[in-house]
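In what follows, a single structure is set out as structure tokens and then discussed.
From a predicted model like this one, the values you see are computed outputs, not experimental measurements.
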Amino acid sequence: MSLRRPRTLLAMEPGLRSRLLDDAATRRLREVADVELRFVLHDYAGPGAAAALAKAEVLLTCWGAPAVDARALAAAPRLGAVVHAAGSVKQIVTEACWERGIVVSSAAPANALPVAEYTVAMVLLSNKQVLRLREDYRAARGRRRDLHRGHGNIGNYRRRVGIVGASRVGRRVIELLAPYDLELAVYDPYMSREQAAGLGVRPVGLDELCRTCDVVSLHAPELPETRAMIDRRRLALMRDGATLINTARGSLVDGPALTAEVTSGRLHAVIDVTEPEVLPADSPLYDLPNVLLTPHIAGSLGNELHRMADSAIEEIARYGAGLPFAHEVRREDLHRTA
């Protein structure tokens, strides 16, 4: 597809290139781009940075890339595109990029899939009350019990799951949950009733979603208006025994209020993101039996990085062929995306 091989410069944290690009991706990148794989930019003031920027037409970025600011652009007169082999570009693409007319692509759709897969797994396990039953079994140490007695409310049949944010991840979760016998509700201030109907979900207000759902799963972006959107009052609205899943951003939840609710045992939680990003060692969330706490693993990890790399490389191929990006990031959309 490529008509030419644009000069491409890698920019990311040290050591990431070998994890991002497997052998197949490396071969494909060399086919579609003129790239020096041994040089990876992570500091604009570092050795060789100025010479590499002077030739670059495309920046292939990932986590840890320095922000493409006015200083970087002044050193890169040929630069026309930033292709981000990860999700959000907000920490990398600055106002100076938009003013220069740099076109931007993100592998956010590729990164959305593992987050959605993780979420679906947690929804199904939460309704099955796996954490509680694990603790019961651990305490019983193998003694036979009548699981049907005292557990009649367990299961995924006709459970109500609430999706907060019809983002890329939120929509993927809806799509992946569609085959199950679940009732899906969604809260998203930007979604019309017609759009919700097209997804097969019922749009509701956030208070109603919190009050009526067995599982509440967060997929909203981190914005000033979404900070602590799940606050003490909305947590109190949730049903006894309901589960809150957060794979979005820790700032969406009032952390102390959630800690109080799960410490009391009233609610369950699956928490992949927190504020701060790493909780203090004395946080009770590490040890509570009704909390599954993971260290921000829902997004691309291990070989899932290769999916993001493949997406980014195909965008470079499109750029070289003079085609528009398949996953272009637009300036006007940033106010409501991650």
Would you say [X]'s side chain and [Y]'s backbone share a donor-acceptor pair under 3.5 angstrom?
X    : Y    : result
S126 : M122 : yes
T259 : G255 : yes
K55  : R78  : no
Q195 : S192 : yes
R202 : A185 : no
S106 : G87  : yes
D34  : P6   : no

Assess, by modelled atom type and distance only, whether the side chains of T294 and Y118 contain a donor and an acceptor separated by less than 3.5 Å. yes
Are D240 and R266 close enough, and set up right, to give a salt bridge (charged side-chain N to carboxylate O under 4.0 Å, His left out), and what steps lead you there? CA-CA 5 Å; D240 290 356; R266 195 182 76 82; 2.8 Å; yes
[atom2] on [Y] to [atom1] on [X], rounded to 0.5 Å:
X    : Y    : atom1 : atom2 : value
L29  : T8   : CG    : OG1   : 6.5 Å
L60  : I316 : CG    : CD1   : 4.5 Å
I271 : Y286 : CD1   : OH    : 11.0 Å
L301 : H296 : CG    : NE2   : 10.0 Å
I230 : N246 : CD1   : CG    : 8.5 Å
N127 : I154 : CG    : CD1   : 10.0 Å

Are [Y] and [X] connected in a single hydrophobic cluster, I mean Ile/Leu/Val/Met/Phe/Trp/Tyr linked by side-chain heavy atoms less than 4.5 Å apart?
X    : Y    : answer
L125 : V173 : yes
L267 : V164 : yes
V40  : L53  : no
L218 : Y187 : yes
L133 : Y157 : no

Option passing side chain to side chain contact (heavy atoms under 4.5 Å, CB included) with Y180 (candidates V123, V161, L124, N156):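 Single pass found, and it is L124.
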Can you tell if the side chain of [X] reaches within under 4.5 Å of the side chain of [Y], non-hydrogen atoms only?
X    : Y    : value
R17  : M12  : yes
M238 : E261 : no
H84  : I92  : yes
L244 : V215 : no
M308 : W63  : yes
M191 : L199 : yes
T26  : L37  : yes
H327 : R168 : no

I would like to know whether E332 and W98 meet side-chain contact (heavy atoms from CB on, under 4.5 Å); could you show each step before the answer? CA-CA 10 Å; E332 59 269 23; W98 303 117; over 6 Å; no
Using a strict 4.0 Å threshold on nitrogen-to-oxygen distance, state whether [X] and [Y] make a salt bridge.
X    : Y    : answer
D254 : R234 : no
R19  : E13  : yes
R211 : E208 : no
E135 : R132 : no
R172 : E175 : yes

CA sep, side-chain torsions, deciding dist, call: L73, I102, side-chain contact (heavy atoms from CB on, under 4.5 Å): CA-CA 10 Å; L73 291 174; I102 301 293; 4.2 Å; yes
Looking at every heavy atom in both [X] and [Y], which two are closest together, and how far apart are they?
X    : Y    : value
L252 : E222 : CD2-CA, 4.5 Å
A67  : T94  : CB-CG2, 4.0 Å
T226 : P221 : OG1-O, 2.7 Å
A248 : H219 : CB-CA, 4.1 Å
A326 : E315 : N-OE1, 2.9 Å
C210 : V216 : CA-CG2, 4.2 Å

For atom [atom1] of [X], decide whether the heavy atoms of other residues, nucleotides or ligands shown that lie under 6.0 angstrom number more than 12.
X   : atom1 : answer
F39 : CZ    : yes
Q91 : CD    : no
R30 : CZ    : no
D43 : CG    : yes

Under the criterion salt bridge (charged side-chain N to carboxylate O under 4.0 Å, His left out), I'd like the reasoning laid out for D214 against R239: C-alpha separation, chi angles, the key distance, then a yes or no. CA-CA 7 Å; D214 301 288; R239 297 173 173 178; 3.0 Å; yes
Apply the test side-chain contact (heavy atoms from CB on, under 4.5 Å) to residues L182 and R160: give CA-CA distance (whole Å), side-chain angles for both, the deciding distance (0.1 Å), then the verdict. CA-CA 6 Å; L182 298 166; R160 195 161 196 251; over 6 Å; no
Derivation of the salt bridge (charged side-chain N to carboxylate O under 4.0 Å, His left out) call for E57 and R5: CA-CA 10 Å; E57 298 174 72; R5 296 165 60 241; over 6 Å; no
Go through the steps to decide whether E275 and R227 satisfy the test salt bridge (charged side-chain N to carboxylate O under 4.0 Å, His left out), and finish with yes or no. CA-CA 11 Å; E275 191 178 55; R227 182 168 189 82; 2.8 Å; yes
Full working for side-chain contact (heavy atoms from CB on, under 4.5 Å) between L285 and L279: CA-CA 9 Å; L285 299 182; L279 291 175; 3.7 Å; yes
